[in-house]
Student: 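After the structure tokens below, expect a handful of questions from me.
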Amino acid sequence: MIIIRFLIYFFILYVVYRIIRAWVGQSTSRTKPIFGKPAGEIEDIMIKDPYCKIYFPKREGVRLRKNGTDLYFCSTDCRDNYLKEKGKETV
Ligand SMILES: [Zn+2]
């Protein structure tokens with residue numbers, strides 16, 4: 001039974017470690033120049049949908065290349081709606 005207690009203890013430590021890692025990773029990524037790095041290297045960051053303002057993981061986003069910059073949307077619907085709205089202003 002000592003082994004089971006040890007495993008539980010180890011699991012809790014692991015979870016705490018992951019939380020700390022995620023927390024530290026978030027706070028450091030704010031200071032790093034994210035957009036200066038080549039595309040494809042940082043896929044695990046949260047990014048804001050310019051249409052619906054929702055935050056989601058960048059790697060799961062729908063990419064749209066516009067005027068030399070990459071925009072990311074949470075879904076193809078948001079991308080299409082965004083394009084529709086922007087299409088009224090400039091094409
Ligand atoms: Zn969206």
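Indexing begins at 1, ligand by ligand and atom by atom, following the structure's order.
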Student: Which residues pass the ring pair (Phe, Tyr, Trp, His ring centres under 6.0 Å) test with Tyr82, sequence neighbours left out?
Tutor: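 Here the qualifying residues are Phe73.
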Student: Using the test side chain to side chain contact (heavy atoms under 4.5 Å, CB included), find all partners of Thr76 that sit at least two apart in sequence or belong to another chain.
Tutor: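 Side chain to side chain contact (heavy atoms under 4.5 Å, CB included) list for Thr76, sorted by chain: Val62, Arg79.
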Student: Between CG of Leu7 and CZ of Phe11, what distance do you get to the nearest 0.5 Å?
Tutor: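 Reported value, rounded in 0.5 Å steps: 11.0 Å.
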Student: Suppose the cut-off is 2.8 Å; which protein N/O/S atoms would you list for the Zn ion (ligand 1)?
Tutor: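 Sorted hits: Asp49 OD2, Cys52 SG, Cys74 SG, Cys78 SG.
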Student: So, using side chain to side chain donor-acceptor pair (under 3.5 Å) as the criterion, who are the partners of Tyr9 when residues are at least two apart?
Tutor: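 Listed in chain order: nothing, the list is empty.
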Student: Which atom pair, heavy atoms only, marks the closest approach of Asp49 to Cys74?
Tutor: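 Looking at all heavy atoms of both residues, the closest pair is OD2-N, 2.8 Å.
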Student: Between Tyr55 and Ile47, is the side chain to side chain contact (heavy atoms under 4.5 Å, CB included) condition met? List the steps.
Tutor: CA-CA 5 Å; Tyr55 282 90; Ile47 197 161; 6.0 Å; no
